[in-house]
Engineer: 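For reference, the structure I am asking about is given below.
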There are 2 protein chains.
Amino acid sequence: MQVQTVAKSTPRIDFAALTLCRGLGQQATSRIATISTIQSVSASQVVFYEGDEADSIYEVVRGTLKIYKLLPDGRRQITGFLSEGHLLGLSLDGTYTYSAEAMTDLVLCRYPRSHFDRIVSEMPGLAQRLLTATSDELRAAQDQMLLLGRKSAEEKIASFLLMLARSHSLGDEENVLEIPMGRDDIADYLGLSIETVSRTLTKLKRAGIIALPMSSRVVLQDRGRLEELAGGEFAESL
Amino acid sequence: MQVQTVAKSTPRIDFAALTLCRGLGQQATSRIATISTIQSVSASQVVFYEGDEADSIYEVVRGTLKIYKLLPDGRRQITGFLSEGHLLGLSLDGTYTYSAEAMTDLVLCRYPRSHFDRIVSEMPGLAQRLLTATSDELRAAQDQMLLLGRKSAEEKIASFLLMLARSHSLGDEENVLEIPMGRDDIADYLGLSIETVSRTLTKLKRAGIIALPMSSRVVLQDRGRLEELAGGEFAESL
DNA sequence: CGCAAACTTGATGTTGCTCAAGCTAGGTGG
DNA sequence: CCACCTAGCTTGAGCAACATCAAGTTTGCG
């Protein structure tokens, strides 16, 4: 099931900058470099499917991907958008528990499962780093459960835009967001239909809270009101 | 904010049986015993609130609790029911990211944050155990996102009953479930209203799929149909 | 026995989904 | 360079699912 495109020319990687290596010594870093392989994946390719044998852990080196789960009839829930520095495939049992698909061209660093486990048990501190990363994803997942279970469409969209604003933060001009995914992905991330996503964005535009110069660009014109609409959960106060 | 009831008589605990200790040596276990304190909490007491300073990690020794997040207007999302052996409070930053409330009388084992961190870095293998536990919770959270975002009320209730059946498994008679929480908690766990929970259970009863001899007891009369209704995600096939 | 809390049931209302057209922008071939 | 074509997005109308509001009913407890 692995539909993967390995580039002819392997991109150069600074291993010391990887999430997995940061903070570890020079020796550990080169050790990790030896067990890992670099892999390029082009946009819209699937890295792995839910249910595939989980033979590798990946780190996103460049680009963005989405992870999602499907119901038998095709309904989809996107559980996360992962960009540079995120790890994926850390499953316990033998198979992946979600599918992963490239949203942009990707560079991934791949760690074969068997080597990975060994290295984790041999390197003190590495398991702690992984624990920190996983705890943070769990926290994000709990925020998302609150959103999915209890927020209205308007609150969902407002929260989503603010989340984007936070992750892109300090990049482009303040308050101008590049939306890197289609309406269908937004819908499947927020538990809405495409049409509701579109209508809700239009509504926020009409209210003067955002502007939509293009369908993939949002300008936050009134961040305060957007934060009110998002239904400020505790996390917002940070 | 800590509303906690510490029992006069500290219950006796078998430390070696704790999730945190299992698999570690005798020495490590007694080390952990020295830094931990046992705490009894009575039903419906709050162990900690979202936003409180996260000064301790807890392990559930006996009983069940719920963890949840609130919106400012009081809407609530229960993100998990934790029973014996589960850890809670493993937050990264300084504050808890959810509230925890006892559903039954509880016995908790409490590890002060400062000691906990030290012990984790000193004991090889412990971080790995925590990573495993956290990864598993993350997997469950992703399943729940699929449920909250994409399943109908009927599918949610069916999934919930099967989840209960799995966790209680092999205890009582096959197919007879004791539901340990009220309709309000079920509703806030599944992202539904109390009334919809009640109506959906009645509907399943009328269809002959379950029986409801009491409001807190469910008999699974046709598990096959229930599994169909749950919209078998991948996990079901395990 | 009586009371309160929890649950169920019914009637009505609202949100967001579905189905069905339009619209727009970017890419392609003439 | 332009016209066309398509994929993605928006908009509208009608509808279904679920929420809300309002009684009833049951259960457990003092």
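Letters A, B, ... are given to chains in the order of the sequence lines, protein chains preceding strands, and every chain is numbered from 1.
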Engineer: May I have the distance from A:Glu155 (atom CD) to C:dT15 (atom C1'), rounded to whole angstrom?
Structural biologist: 12 Å
Engineer: Between B:Asp188 (side chain) and B:Asp185 (backbone), is there a donor-acceptor pair under 3.5 Å?
Structural biologist: no
Engineer: By side-chain hydrogen bond (donor to acceptor under 3.5 Å, both in side chains), which residues pair with B:Lys205, not counting sequence neighbours?
Structural biologist: none
Engineer: Give the residues of residues 183-191 of chain A touching DNA chain C, defined as any heavy atom closer than 4.0 Å, sorted by residue number.
Structural biologist: A:Gly191
Engineer: Compute the angle between the rotation axes at the two ends of the helix from C:dC1-D:dG30 to C:dG30-D:dC1, each taken over five pairs, rounded to 10 degrees.
Structural biologist: 30°
Engineer: Please report the shortest heavy-atom distance between A:Thr95 and A:Gly51, naming the atom on each side.
Structural biologist: CG2-O, 3.4 Å
Engineer: How long is the line joining CZ of A:Arg150 and P of D:dA19, in whole Å?
Structural biologist: 7 Å
Engineer: Applying side chain to side chain contact (heavy atoms under 4.5 Å, CB included), can you list everything that pairs with A:Met163, at least two apart in sequence or on another chain?
Structural biologist: A:Phe160, A:Tyr189
Engineer: Is the backbone N or O of A:Leu20 less than 3.5 Å from a side-chain atom of A:Glu59, with the two atoms forming a donor-acceptor pair by type?
Structural biologist: yes
Engineer: B:Lys203 NZ to C:dG10 C1': how many Å, rounded?
Structural biologist: 16 Å
Engineer: Indicate, with a heavy-atom threshold strictly under 4.0 Å, whether A:Leu201 touches base, sugar-phosphate, or nothing.
Structural biologist: nothing
Engineer: Between the side chains of A:Ser56 and A:Arg110, does any donor sit under 3.5 Å from an acceptor?
Structural biologist: yes
Engineer: Please report the distance, rounded to the nearest Å, between NZ in A:Lys205 and C1' in D:dT11.
Structural biologist: 11 Å
Engineer: If a protein heavy atom is under 4.0 Å from the base, mark B; if only from the sugar-phosphate, S; if neither, -; do that for nucleotides 20-30 of chain D going 5' to 3'.
Structural biologist: BB---------
Engineer: D:dA19, C:dT8, D:dT10: which one has an atom nearest the side-chain heavy atoms of B:Ser198?
Structural biologist: C:dT8
Engineer: Output all residues satisfying side-chain hydrogen bond (donor to acceptor under 3.5 Å, both in side chains) with B:Thr196, sequence neighbours left out; order by chain, then residue number.
Structural biologist: B:Ser193
Engineer: Please name all residues satisfying side chain to side chain contact (heavy atoms under 4.5 Å, CB included) with A:Leu88, sequence neighbours left out, ordered by chain then number.
Structural biologist: A:Phe48, A:Tyr58, A:Val60, A:Leu65, A:Ile67, A:Leu82, A:Tyr98, A:Ala100
Engineer: Once you round it to whole Å, what is the distance between P of C:dT14 and CG of B:Leu192?
Structural biologist: 20 Å
Engineer: Could you state the atom-to-atom distance from CD1 of A:Ile179 to C1' of D:dC9 in whole Å?
Structural biologist: 13 Å
Engineer: Please name all residues satisfying side-chain hydrogen bond (donor to acceptor under 3.5 Å, both in side chains) with A:Ser83, sequence neighbours left out, ordered by chain then number.
Structural biologist: none
Engineer: Between the protein and nucleotides 23-25 of chain C, are there any N/O to N/O pairs under 3.5 Å, and if so, what are the atom names and distances?
Structural biologist:
none

Engineer: Taking only residues two or more places apart in sequence, or in another chain, which ones meet B:Glu137 in a side chain to side chain contact (heavy atoms under 4.5 Å, CB included)?
Structural biologist: A:Leu138
Engineer: Taking only residues two or more places apart in sequence, or in another chain, which ones meet A:Ile194 in a side chain to side chain contact (heavy atoms under 4.5 Å, CB included)?
Structural biologist: A:Arg183, A:Asp184, A:Ala187
Engineer: Take the protein atom CD1 of A:Ile194 and the nucleotide atom C1' of D:dG12, then report the distance between them rounded to whole Å.
Structural biologist: 16 Å
Engineer: Charged N to carboxylate O under 4.0 angstrom, A:Glu50 versus A:Lys69?
Structural biologist: yes
Engineer: Output side-chain donor-acceptor pairs under 3.5 Å for residues 214-224 of chain B, partner residues at least two apart or in another chain, one line each.
Structural biologist:
from     : atom 1 : to       : atom 2 : distance (Å)
B:Arg217 : NE     : B:Glu178 : OE1    : 2.8
B:Arg217 : NH2    : B:Glu178 : OE1    : 2.8
B:Asp222 : OD1    : B:Gly224 : N      : 3.4
B:Asp222 : OD1    : B:Arg225 : N      : 3.1
B:Arg223 : NH1    : B:Asn175 : OD1    : 3.2

Engineer: Less than 4.0 angstrom from a charged side-chain N to a carboxylate O is my criterion; do A:Arg75 and B:Glu155 meet it?
Structural biologist: yes
Engineer: Between C1' on C:dG16 and CD1 on A:Ile157, what's the gap in Å once rounded to a whole number?
Structural biologist: 12 Å
